[in-house]
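Each remark here refers to the structure printed beneath this line.
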Amino acid sequence: MFEASDLNERNRRVERLWRLLFLVMTVLLIVPVVVILSVLIHKGGPVLSIDFLFTEPVQGMTAGGIFPALVGTVWLVTVALLASVPIGVAAALYLSEYAPDNWLTRAINLAIINLAGVPSIVHALFGVGAFVLFFRFGTSILAASLTLAIMTLPVVIVATRESLQAVPQAFREACWNMGATRWQTIRRVVLPNSISGILTGVILEVSRTAGETAPIMFTGAAFFLPFLPQSVYDQTMAMSLHLFVISTQVPGVPEALPFGVALVLISMVLAMNAISIAFRMHLRSKKKW
Amino acid sequence: MVAAEPQARPLLEVRDLAIRYGDTLALSGVTLEVQKHEIFGIIGPAGSGKTSFLRTLNRMDQFTPSMSVDGEIRFNGRDIRRWRNVYSLRRKIGVVFPLPVGLPLSVYDNVALSPRLGGIKKKADLDVIVERCLRRAALWDEVKDRLDSLGSLLSGGQQQRLTIARALSQGPELLLLDEFSIAVDPVTTMRIEDVLKELRQEITIVLVTNLVQQARRLADRTAFFLTGECVEIAETERMFTREVQDERTRDYVEGRFG
Ligand SMILES: Nc1ncnc2c1ncn2[C@@H]1O[C@H](COP(=O)(O)OP(=O)(O)OP(=O)(O)O)[C@@H](O)[C@H]1O
Ligand SMILES: [Mg+2]
């Protein structure tokens, strides 16, 4: 009896120790995020204004706003989304719902995972070769967005496949037992129950491309271009490249300006994340099993 | 209970059936016939191959890559593996699983799904089918005021009857029931059993059950499966008398199985 309670006491202390350890790790994890955000807000906050967002840069980009870059990034991400979502979702549907489990499927899955690890500068060079030169899109939003799309395809496929596989197999079997074809099962049961996960996963992944610099630098993003793009065949400024340029390439930029640009860029990404998370919570509140 | 009248042609003819998962044999040497309007019981301990047997009948083995089936199965005289449109075969065979699978749809949509898949679109037609199937599954009175609420919010016993209603909505000729009462209370089980007895007028039922007494109450004939072998097929009452052909059947039926 006595020994047992002694053991319990020890277990309890060990338990508390582990708990503390995990807590410390978690806090450590948050520290960089908090530091980055507070530095950005502290240094970049003062330059933010409506004018900053909606005017173009002037005096060799040492003053003025960021409007063309802001619009350009929205263009790039939107076109990239339009290209990668249909292809990625279709590929994931095939891999998860149709593909037989054989060596070819496994090879494709392996390739997709590895593709996600290809450095973005390699994608950039591929984009130049394929879209700018071979397809003759020139340096344009189209070429840059397609490069971004290729880069995000693997993660779009993985995110979609995970959402699809979260739908219980029993639902599919119940449907097949009724004489439903695979497509009928997908349309009536699988997609309605995974679409929220698919959309939010995809938006999250693609919104990250707003920060990418290398893939767009050679394919469609311009150093300085004080006009708004009129079509996907135009070049455009972009937030990420603009930040890189004014931080390293242009002399005489006031210290606060890059921080302001970075703050806007990070806010854009966070806003998209927030929207997709809100969307997910909304759909999940209606979740059906 | 009297055995069904022998018909000109059995609904289901199974000959030398063998089922494998990869290289392991799960069931072999099954030869049996199921007459129209018969309730055919299958009893046997866990892992004896009952579920595997049911899955082959509507070709659900297609969806388990490791599963392979040898032998011949004829449904209405036609070899099911020569059936060109496997979807139309499955529509003629309703299935109820051990655990109810309420699809994440409303009660109404659960039952209307199969008719819709079959191309019925008019609300009035669907209404009729939904009400009729829910009534036949003895569920209508409990859900008629909440047809729009989610099927998965019903109680377990209600969901099982919903699954039966859904299977009936296909207009099946054959109903496969796999241990349907496993998650259902005794009162509901009795209600479902009454439903099955009535359904017998219209359709044929293969009933897998781990309750020997349930087979006795419902089945005209019963097969006893044991570790991948069909030990005995007999009129159900005979299994409960001393007339069994195999010692092992008596041991199992009398609950003396070690
Ligand atoms: N997907 C599968 N892959 C490999 N082996 C399987 C698979 N499904 C079933 N088996 C094996 O086949 C044999 C028969 O299984 P089955 O599910 O048909 O038994 P059962 O009679 O329905 O049992 P229970 O009464 O427990 O439901 C078992 O030995 C089981 O391990
Ligand atoms: Mg079973």
Side-chain angles (χ1 to χ4, degrees), chain A residues 93-110 160-200 279-289, chain B residues 51 54-55 57-66 83 85-107 109-119 149-154 159 162-163 165-172 174-178:
Chain A
L93 273 173
Y94 178 76
L95 288 172
S96 148
E97 305 294 320
Y98 289 92
D101 184 23
N102 57 21
W103 67 269
L104 183 63
T105 312
R106 281 195 288 271
I108 293 176
N109 279 325
L110 204 64
T160 307
R161 209 177 43 193
E162 272 165 14
S163 305
L164 292 173
Q165 276 160 11
V167 176
Q169 188 68 7
F171 291 176
R172 294 185 181 83
E173 296 211 348
C175 233
W176 293 333
N177 268 323
M178 275 181 247
T181 61
R182 296 229 179 199
W183 170 242
Q184 287 176 320
T185 306
I186 292 170
R187 209 181 76 74
R188 302 271 179 172
V189 173
V190 179
L191 271 186
N193 289 297
S194 54
I195 195 77
S196 67
I198 294 175
L199 286 183
T200 52
F279 185 53
R280 181 188 303 222
M281 285 192 328
H282 170 68
L283 288 166
R284 193 163 285 172
S285 67
K286 300 196 287 188
K287 187 141 181 167
K288 294 168 182 164
W289 79 84
Chain B
T51 301
L54 287 193
R55 286 175 72 86
L57 295 183
N58 71 340
R59 298 197 52 192
M60 282 299 283
D61 52 286
Q62 276 188 334
F63 294 107
T64 310
S66 66
W83 208 290
N85 186 345
V86 63
Y87 308 110
S88 75
L89 172 71
R90 294 207 185 103
R91 291 184 65 79
K92 291 182 201 292
I93 302 179
V95 185
V96 176
F97 296 107
L99 296 175
V101 182
L103 290 173
L105 303 167
S106 72
V107 171
D109 289 339
N110 258 288
V111 185
L113 179 57
S114 175
R116 279 184 178 137
L117 293 174
S149 70
L150 277 175
S152 38
L153 297 181
L154 297 177
Q159 278 195 53
L162 181 63
T163 317
R166 202 172 61 204
L168 292 177
S169 71
Q170 299 167 217
L174 176 64
L175 189 60
L176 308 178
L177 295 162
D178 192 358

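Naming convention: chains lettered A, B, ... in sequence-line order (proteins, then strands); numbering from 1 in each chain. Note that these values count all heavy atoms, side chains included, but never hydrogens, waters or copies made by symmetry.
Both the backbone and the side chain of Glu173(A) have a heavy atom closer than 4.5 Å to some heavy atom of chain B. In this structure, chain A has no heavy atom under 4.5 Å from any part of Leu176(B). For Arg116(B), the parts lying under 4.5 angstrom from a heavy atom of chain A are both the backbone and the side chain.
Identified under the salt bridge (charged side-chain N to carboxylate O under 4.0 Å, His left out) test for residues 93-106 of chain A, with sequence neighbours left out: Glu97(A)-Arg172(A), Asp101(A)-Arg106(A).
Considering every non-hydrogen atom in both Val101(B) and Ala170(A), the closest pair reads CG1-O, 3.8 Å. Nearest heavy atoms, Phe97(B) versus Ala174(A): CE1-CA, 4.1 Å.
One distance of note links CH2 of Trp176(A) with CE of Met60(B); it measures 6.5 Å at 0.5 Å rounding. The distance from the CG atom of Leu105(B) to the CZ atom of Arg188(A) is 9.5 Å, given to the nearest 0.5 Å. For the atom pair Ile93(B) CD1 and Asn177(A) CG, the distance stands at 9.5 Å (nearest 0.5 Å). Considering CG of Leu113(B) and SG of Cys175(A), their distance stands at 5.0 Å, rounded to 0.5 Å.
Per-residue heavy-atom pair counts under 4.5 Å with chain A were compared for Arg91(B), Arg59(B), Gln62(B), and the maximum is reached by Arg91(B).
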- request: Any chance you could lay out the side-chain contact (heavy atoms from CB on, under 4.5 Å) test for Arg166(B) and Met178(A), step after step, and finish with the verdict?
  value: CA-CA 9 Å; Arg166(B) 202 172 61 204; Met178(A) 275 181 247; 3.4 Å; yes
